[in-house]
Protein chains: 2
Amino acid sequence: MLILDNLSKHITLTPQEQELFLSKTEIRQYKAKTILLNAGEICTHSYFVNSGVLRSFNINDNIVEHVLSFACSGWWISDMYSLLSQKPGNLFIQVLEDAEIVLLSKKNQEVLFQEIPKLERFFRILTENSLVAHQERLMDNLSLTAEERFEKFCNKYQDLIQKVPQKQIASYLGVTPEFFSKMKSKMLRK
Amino acid sequence: MLILDNLSKHITLTPQEQELFLSKTEIRQYKAKTILLNAGEICTHSYFVNSGVLRSFNINDNIVEHVLSFACSGWWISDMYSLLSQKPGNLFIQVLEDAEIVLLSKKNQEVLFQEIPKLERFFRILTENSLVAHQERLMDNLSLTAEERFEKFCNKYQDLIQKVPQKQIASYLGVTPEFFSKMKSKMLRK
DNA sequence: ATAATTTCTTAATCTAGGTTAAGTGTCTTT
DNA sequence: AAAGACACTTAACCTAGATTAAGAAATTAT
């Protein structure tokens with residue numbers, strides 16, 4: 001089971017603990033385009049992707065979308081700010097490709113932290129890794145050209161390139177779809 | 001004591017635990033310009049700032065510096081990637097203004113995690129808050145102009161503006177010192 | 001104090017990437 | 001299979017911010 005494999009990357013659970021964990025989660029199927037979380041809402045769940053693709057993004061001045069992150073098979077996604085503070089966030093979470101998702105509510109997560117303290121370590125490590133990745137991306141945005149960022153993206157998320165519309169990738173990289181298209185055809189010509 | 005106040009923001013320690021914690025740390029004075037960590041080295045400590053100012057930054061192609069973060073009184077700083085992975089990082093950590101620093105070695109941190117499991121929660125929360133802050137900064141870099149980012153910076157880090165050379169702030173915001181200077185005088189004229 | 005280094009400013013010129021707009025291709029939905 | 005609705009491309013023109021350079025101001029070291 002994908003999510004148990006995921007947990008086992010950082011902690012070891014007994015069969016009973018595994019069963020308890022699963023009993024506190026819920027599996028659901030979602031069609032592409034479904035919005036799991038709207039900006040302005042309080043985020044109540046963490047989402048683990050069994051299959052399909054999700055993204056988180058915000059909308060600027062009611063016009064421009066900016067992709068914060070993608071999540072495909074084996075990845076967690078949520079609005080960390082809203083989930084932690086339990087205040088309204090400004091992220092949307094949306095299904096990009098039909099998906100099967102494991103839902104873990106904040107409440108159940110807290111219950112599980114009491115029952116299986118090891119899980120606190122698991123989520124700490126998850127958060128640490130995410131922080132490191134975000135720091136690197138920040139520095140990349142400060143120091144690399146769009147072309148260099150795209151190359152890094154291709155190496156890191158090879159599978160995503162086929163799956164998500166390229167305007168979403170442009171948004172993640174911080175350029176317009178028009179510029180992205182121009183850049184891509186320029187890179188292909190080499 | 002500043003560092004105990006800092007711990008008490010998220011967890012409650014008994015006097016014995018406080019004493020144990022302090023016994024595993026070390027306090028040192030550093031002059032401005034001192035380098036605490038070089039790129040290419042393995043980061044062995046977390047640094048807590050009692051007084052003074054530090055920054056972390058990397059150097060691109062041996063030429064351009066990019067500031068990842070500042071830390072002044074009451075803030076923690078380190079190279080999270082290197083500290084966690086125990087591999088050589090690419091961040092420098094430098095004193096910008098004469099500083100008194102509390103050093104916590106990775107080894108002692110692990111010992112303390114065993115002896116005072118609550119501390120694991122403390123650092124988890126610290127990491128969570130840092131992640132949220134980095135996510136917001138990422139989105140700001142994608143969607144705001146340099147001027148807007150500077151205004152946000154001024155509101156958030158009012159005390160820093162007097163203390164650090166403005167070329168460092170320019171670097172943090174992701175613009176050149178020349179452009180920053182032009183932008184600043186334009187903003188003053190309003 | 002003075003010299004040396006570093007930081008800041010100003011200005012001319014340049015460019016990566018944005019904007020606008022129009023056309024084409026490709027999914028969805030019915 | 002047709003009609004919309006998206007997604008992608010191309011091209012002309014525009015702008016925020018970069019680069020280069022040179023001088024002024026402020027720190028730091030001797």
Side-chain angles (χ1 to χ4, degrees), chain A residues 30-35 52-53 55 57 59-67 70 94-98 140-153 160-190, chain B residues 30-35 52-53 55 57 59-67 70 94-98 140-153 160-190:
Chain A
Y30 294 101
K31 286 266 156 218
K33 296 191 185 174
T34 310
I35 299 278
V53 184
R55 65 162 176 157
F57 65 102
I59 298 186
N60 224 246
D61 308 318
N62 291 317
I63 303 180
V64 193
E65 292 182 6
H66 290 279
V67 172
F70 297 108
Q94 187 192 32
V95 179
L96 287 180
E97 189 185 65
D98 292 2
D140 285 351
N141 281 339
L142 292 181
S143 58
L144 304 182
T145 64
E147 213 163 309
E148 291 167 327
R149 275 176 276 146
F150 180 44
E151 268 165 6
K152 254 189 125 165
F153 183 90
L160 270 179
I161 298 165
Q162 338 297 339
K163 290 186 179 176
V164 322
Q166 75 181 35
K167 59 179 284 198
Q168 311 284 3
I169 297 173
S171 169
Y172 179 94
L173 295 176
V175 297
T176 59
E178 294 86 353
F179 180 76
F180 184 84
S181 174
K182 184 164 78 176
M183 178 178 87
K184 205 186 68 173
S185 74
K186 185 184 145 205
M187 288 169 84
L188 282 172
R189 261 180 273 123
K190 288 178 193 167
Chain B
Y30 293 102
K31 287 266 154 218
K33 296 192 182 173
T34 309
I35 299 279
V53 183
R55 66 162 176 157
F57 65 101
I59 298 186
N60 225 248
D61 307 320
N62 290 317
I63 302 180
V64 193
E65 292 182 7
H66 290 279
V67 172
F70 297 109
Q94 185 191 33
V95 180
L96 287 180
E97 188 186 65
D98 292 2
D140 286 350
N141 281 339
L142 292 181
S143 58
L144 304 182
T145 63
E147 214 163 308
E148 292 167 327
R149 274 177 275 144
F150 180 44
E151 268 164 6
K152 255 187 125 164
F153 183 90
L160 269 179
I161 298 166
Q162 336 299 340
K163 290 186 180 177
V164 323
Q166 76 179 35
K167 60 179 282 197
Q168 310 284 4
I169 297 174
S171 169
Y172 179 95
L173 295 175
V175 296
T176 58
E178 294 86 354
F179 180 75
F180 184 84
S181 174
K182 183 163 80 177
M183 178 179 88
K184 205 186 68 174
S185 72
K186 185 183 145 205
M187 289 169 84
L188 282 172
R189 261 179 273 125
K190 285 179 192 164

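The chains referred to below are lettered A, B, ... by the order of the sequence lines, with proteins before strands, and numbering in each begins at 1.
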Engineer: With rounding to the nearest 0.5 angstrom, report the NZ to CD distance, A:K167 to A:E65.
Structural biologist: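 Interatomic distance, A:K167 NZ to A:E65 CD, rounded to 0.5 Å: 6.0 Å.
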Engineer: Under a plain distance cut-off of 3.5 Å, with no hydrogens placed, do B:Q94 and B:K33 share a side-chain donor-acceptor pair?
Structural biologist: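 No, B:Q94 and B:K33 have no side-chain donor paired with an acceptor closer than 3.5 Å.
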Engineer: Calculate, to the nearest 0.5 Å, the distance between atoms OH and CZ belonging to A:Y172 and A:F57 respectively.
Structural biologist: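 Interatomic distance, A:Y172 OH to A:F57 CZ, rounded to 0.5 Å: 16.0 Å.
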Engineer: Taking NZ from A:K31 and C1' from C:dT28, how many angstroms apart are they, rounded to a whole number?
Structural biologist: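 Checked: the NZ to C1' distance equals 13 Å.
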Engineer: When you measure from the side-chain N and O atoms of B:T176 to the phosphate of D:dA18, is any distance below 4.0 Å, counting only OP1 and OP2?
Structural biologist: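 Result: yes.
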Engineer: Using a 4.0 Å heavy-atom cut-off across all strands, classify B:Q166 as base, sugar-phosphate, or nothing.
Structural biologist: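 Sugar-phosphate only.
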Engineer: Of the listed nucleotides (C:dT9, D:dT9, C:dC8), which one gets closest to any side-chain atom of B:K167?
Structural biologist: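 Output: C:dC8.
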Engineer: Nearest to the side chain of B:S181, heavy atoms from C-beta on, is which of C:dA21, C:dT10, D:dG17?
Structural biologist: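 When the side chain of B:S181 is considered, C:dT10 is the closest of C:dA21, C:dT10, D:dG17.
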Engineer: A:Q168 has an atom CD; how far is it from atom P of D:dA7, in whole Å?
Structural biologist: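 Roughly 7 Å, once rounded to whole Å.
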Engineer: Can you give me the closest heavy-atom contact between A:N60 and A:H66, atom names plus distance?
Structural biologist: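 Shortest heavy-atom separation between A:N60 and A:H66 comes out as CB-CD2, 4.4 Å.
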Engineer: For B:A146 and A:P177, find the nucleotide of DNA chain D closest to each by heavy atoms; which residue's nucleotide sits nearer the 5' end?
Structural biologist: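 In this pair, the answer is A:P177.
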Engineer: For the side chain of B:P165, counting heavy atoms from C-beta on, which of D:dA7, D:dT9, C:dC8 is nearest?
Structural biologist: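 Of D:dA7, D:dT9, C:dC8, C:dC8 is nearest to the side chain of B:P165.
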Engineer: Atom CE of B:M183 to atom P of C:dC8: distance rounded to whole Å?
Structural biologist: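 Roughly 13 Å, once rounded to whole Å.
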Engineer: Taking the minimum atom-to-atom distance to the side chain of A:E178, which one of C:dT9, D:dT9, C:dG17 wins?
Structural biologist: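 From the listed options, D:dT9 comes nearest.
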Engineer: Using a cut-off of less than 4.0 Å, is there contact between a side-chain N or O of B:K182 and OP1 or OP2 of C:dC8?
Structural biologist: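 No, because none of the side-chain N or O atoms of B:K182 sits under 4.0 Å from OP1 or OP2 of C:dC8.
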Engineer: A:D98 vs A:Y30, test: side-chain contact (heavy atoms from CB on, under 4.5 Å). Steps then yes/no.
Structural biologist: CA-CA 6 Å; A:D98 292 2; A:Y30 294 101; over 6 Å; no
Engineer: Using whole Å, report how far NE2 of A:H66 lies from C1' of C:dG17.
Structural biologist: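 It works out to 14 Å between those atoms.
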Engineer: May I ask you to verify if any side-chain N or O of A:R149 is less than 4.0 angstrom from the OP1 or OP2 atom of C:dA16?
Structural biologist: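 So the side chain of A:R149 is outside the cut-off, no N or O lying under 4.0 Å from OP1 or OP2 of C:dA16.
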Engineer: Expressed in angstrom and rounded to an integer, what is the separation of B:F179 atom CZ from D:dT20 atom C1'?
Structural biologist: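 Rounded to the whole Å, the gap is 17 Å.
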Engineer: Could you tell me whether A:K186 contacts a base, only the sugar-phosphate backbone, or nothing, with contacts defined as non-hydrogen atoms closer than 4.0 Å?
Structural biologist: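 The answer is nothing, as A:K186 stays clear of every strand by at least 4.0 Å.
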Engineer: Categorize A:K184 for me: base, sugar-phosphate, or nothing, with a 4.0 angstrom heavy-atom threshold over every strand shown.
Structural biologist: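 Touches sugar-phosphate only.
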